Amino acid sequence: MEERWIRCRRCQAMIHHRRFGRALGVCPECGCHHPVTAGQRVEQLLDPGSFRPFETPEVVEDPLGFVDAVPYPERIAAARTATGLHEAAVGGRGTIGGRPVVLVVMDFRFLGGSLGAAVGELVTLAAETAAAERAPLVTVTASGGARMQEGVIALMQMAKTAQAFAGLDAAGVLSVSVIADPTFGGVAASFATLADVILIEPGARLGFAGPRVIQQTIRQELPEGFQTAEFLLEHGMVDAIVPRSGLRATLSSVVSASSGVLLDFEAVAPFIPPSREPWDVVRLARETGRPTTADYAGLILDDFLRLHGDRVFGDSPSIVAGIGRLDGLPLMLIGHQKGHTTRDRTASNFGMPSPEGYRMAARLMRLADKLGLPVLTLVDTPGAYPGLSAEERGQALAIAESQRLMAQLTVPVVTVVTGEGGSGGALALAVANRVLISANAWYSVITPEGCASILWKSAAEAPRAAAALKVEAGELLRLRVVDAVVEEPDGGAHTDPAKAAALLGAAVRAAFAELLPLSGPELVRQRRDRFRRFGVPELTRR
């Protein structure tokens with residue numbers, strides 16, 4: 001048998017073809033993800049033997065009678081001979097982790113993976129099939145853009161596929177996009193970026209215009225790594241960078257979240273917090289060792305996949321969000337993130353989100369509503385970030401829109417204030433059916449220091465302000481601002497994070513047990529009535 005060697009296009013290492021195949025086309029020396037064929041993708045992503053391809057859709061192959069160096073039909077024929085494919089994409093039904101999916105995979109070898117009538121029809125057929133069969137749609141893209149030889153008919157495929165994805169939204173069916181290198185032009189500006197969850201391979205490039213076109217237009221040098229996976233994650237355009245070796249497992253986790261399980265959870269006896277000084281509670285809430293949202297995600301959820309980005313401007317390290325399972329119940333977790341070390345807290349802006357964080361949260365709440373996933377929010381912030389950049393990008397509007405959106409969600413929403421509940425930055429994630437608070441957490445219109453500085457003209461009066469504001473759990477329970485108090489280990493959650501997580505998980509399960517049987521309209525009405533009563537004596541007594 002011929003011994004073949006492959007040279008890595010990045011590091012120039014020589015790799016034996018068998019080793020290269022076992023690595024799924026990834027260089028074992030530098031991690032470069034080389035192109036793979038559509039057939040190889042199907043084998044890598046779907047359960048063995050599960051793929052059932054669609055019949056080839058009939059389309060007009062040469063709508064313009066296009067000729068450049070050779071007639072367009074000759075180019076198509078040559079591409080079919082070279083690749084063994086009928087067109088630049090293949091599609092069909094299959095399973096991932098035993099769950100049905102509809103899959104479309106593009107192949108860059110076929111005329112640069114360009115989007116023409118045949119590919120547009122296949123993607124549309126796949127989306128319509130997914131909607132009808134309520135099976136998640138997974139697309140894998142690798143394309144230079146719309147096919148020039150089909151002119152305006154190719155351009156129309158962008159709207160055609162976007163319309164098909166709108167049908168998936170209306171049907172409440174999950175869509176997942178896997179971005180391979182490269183994905184540009186009409187594919188990037190249509191179905192590749194319209195998916196609910198966007199995964200991208202390391203180093204893959206994604207953009208509307210290619211770098212050469214951009215440089216020629218603006219006559220400037222582009223930053224290093226421009227339009228690559230890492231750049232896109234930082235700028236909020238993709239959810240996660242996933243190496244090829246982890247794609248099947250990640251897709252299995254995401255796909256499983258679209259099939260809910262209604263479980264019977266046990267009730268939790270009400271916990272009455274002991275009376276304590278409000279300032280002591282504030283200090284405990286700020287303990288650096290208290291579990292963060294990321295900690296709770298790892299301790300109470302299975303198969304948690306963190307998602308990123310607002311799809312508009314950026315990502316926010318002050319918010320951790322993603323899909324996971326709570327004792328088999330798929331849900332969307334969204335929460336403030338502080339970190340433990342000074343370095344982590346600085347990187348997460350001390351848990352003070354920018355507008356991108358709230359817009360990312362809103363994006364994922366809409367996704368949860370579409371898929372019927374309960375929403376769990378964990379609040380721990382001194383407040384939203386009050387900086388210049390936040391104001392320039394619409395901080396107030398982002399907070400306002402988050403509250404309006406939460407008021408309309410047709411899925412159960414449970415909030416737990418796990419640490420600091422500061423002002424509108426906290427409330428933006430707390431318009432819920434059930435609002436719980438950890439025993440050593442606080443919740444208020446302003447931080448005690450802020451109140452003291454304004455009313456007592458000195459931040460040193462913060463303990464006095466904390467008492468006056470009645471920020472602690474017992475008072476909040478009396479005011480019915482919270483519905484229950486979550487017990488903490490002796491000395492605070494930071495003394496035993498695992499036990500704290502177990503107590504929080506039990507309280508959350510109990511809250512969802514009460515809400516899961518309710519219909520969408522009932523959940524909206526209950527949530528509306530909950531907040532409608534505040535400040536009105538007659539309604540508060542009900």
Side-chain angles (χ1 to χ4, degrees), residues 35-42 53-92 102-130 137 139-168 177 179-195 205-217 227:
V36 294
T37 69
Q40 289 170 325
R41 282 283 186 190
V42 170
F54 292 134
E55 292 185 8
T56 302
E58 184 176 345
V59 297
V60 178
E61 286 200 342
D62 187 15
L64 306 182
F66 192 93
V67 178
D68 50 5
V70 296
Y72 177 46
E74 291 185 21
R75 288 196 183 277
I76 291 284
R80 287 173 177 166
T81 299
T83 64
L85 300 176
H86 183 76
E87 251 295 342
V90 299
V102 177
L103 176 70
V104 175
V105 178
M106 303 189 75
D107 196 315
F108 195 80
R109 297 175 304 156
F110 197 109
L111 297 183
S114 48
L115 173 63
V119 173
E121 179 61 22
L122 179 63
V123 172
T124 300
L125 171 64
E128 291 171 347
T129 302
L137 173 64
T139 59
V140 184
T141 61
S143 174
R147 189 168 297 176
M148 291 180 290
Q149 293 90 339
E150 293 186 18
V152 72
I153 298 301
L155 181 67
M156 294 301 106
Q157 305 308 309
M158 295 170 62
K160 179 177 180 176
T161 56
Q163 182 173 274
F165 269 60
L168 287 173
S177 179
I179 307 297
D181 185 59
T183 297
F184 283 115
V187 171
S190 58
F191 63 91
T193 51
L194 289 177
R205 294 165 293 167
L206 167 71
F208 179 56
R212 279 186 295 180
V213 172
I214 296 172
Q215 282 183 314
Q216 290 171 0
T217 302
Q227 293 182 318

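Heavy atoms only: backbone and side chains are in, while hydrogens, waters and symmetry mates are out. Nothing here was measured: the structure is a model prediction, and the numbers come from that model.
- The environment of Q163 atom CD is sparse: at most 12 non-hydrogen atoms of other residues, nucleotides or ligands sit within 6.0 angstrom.
- Within the 4.5 Å cutoff, no side-chain heavy atoms of T183 are placed close to those of M106.
- You'll find the side chain of V104 stays beyond 4.5 Å of the side chain of F191, heavy atoms only.
- Between Q227 and I214, the closest side-chain pair of non-hydrogen atoms falls below 4.5 Å.
- Inter-residue side-chain proximity for F54 and L103 is flagged as unmet; no heavy-atom pair is nearer than 4.5 Å.
- Inter-residue side-chain proximity for Q149 and L64 is flagged as unmet; no heavy-atom pair is nearer than 4.5 Å.
- For the atom pair NE2 of H86 and CD1 of I76, the computed distance is 8.5 Å after rounding to the nearest 0.5 Å.
- Residue pairs satisfying the side chain to side chain donor-acceptor pair (under 3.5 Å) criterion with at least one member in residues 54-66, sequence neighbours excluded, are listed as follows: E61-R80.
- Here the shortest heavy-atom pairing between P57 and A118 reads CG-O, 4.2 Å.
- With T81 contributing its side chain and A77 its backbone, the two residues share a donor-acceptor pair below 3.5 Å.
- Under the rule for a salt bridge (charged side-chain N to carboxylate O under 4.0 Å, His left out), E74 has no partner lying at least two apart in sequence or in another chain.
- A 4.5 Å side-chain heavy-atom check between L137 and L168 finds at least one atom pair inside the cut-off.
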Identify every side-chain donor-acceptor pair in residues 120-127 under 3.5 Å, counting partners at least two apart or on other chains, and give the distances.
from	atom 1	to	atom 2	distance (Å)
E121	OE1	K160	NZ	2.6
T124	OG1	G120	O	2.8

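- The line from OG of S190 to CZ of F208 is 10.0 Å long, rounded to the nearest 0.5 Å.
- F66 CZ: more than 12 foreign heavy atoms inside a 6.0 Å radius.
- Shortest non-hydrogen contact noted between S114 and A146 is CB-C, 4.3 Å.
- A distance-only check finds no donor-acceptor pair linking the side chain of R147 to the backbone of A154 [under 3.5 Å].
- Partners of E150 under the side-chain hydrogen bond (donor to acceptor under 3.5 Å, both in side chains) rule, at least two apart in sequence or in another chain, are Y72.
- In terms of the side-chain contact (heavy atoms from CB on, under 4.5 Å) criterion, residue partners of P53 (sequence neighbours excluded) are, by chain and number, F51.
- A heavy-atom distance below 4.5 Å is found between the side chains of L85 and V90.
- No side-chain heavy atom of Q157 sits less than 4.5 Å from a side-chain heavy atom of V119.
- Within the 3.5 Å criterion, the main-chain N or O of I179 finds no donor-acceptor partner in the side chain of T141.
- Applying the salt bridge (Lys or Arg N to Asp or Glu O under 4.0 Å) test to residues at least two apart or on different chains, none of the pairs has a partner in residues 186-195.
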For the pair D68 and R75, evaluate side-chain contact (heavy atoms from CB on, under 4.5 Å) and give the outcome as yes or no after the intermediate values. CA-CA 10 Å; D68 50 5; R75 288 196 183 277; 3.2 Å; yes
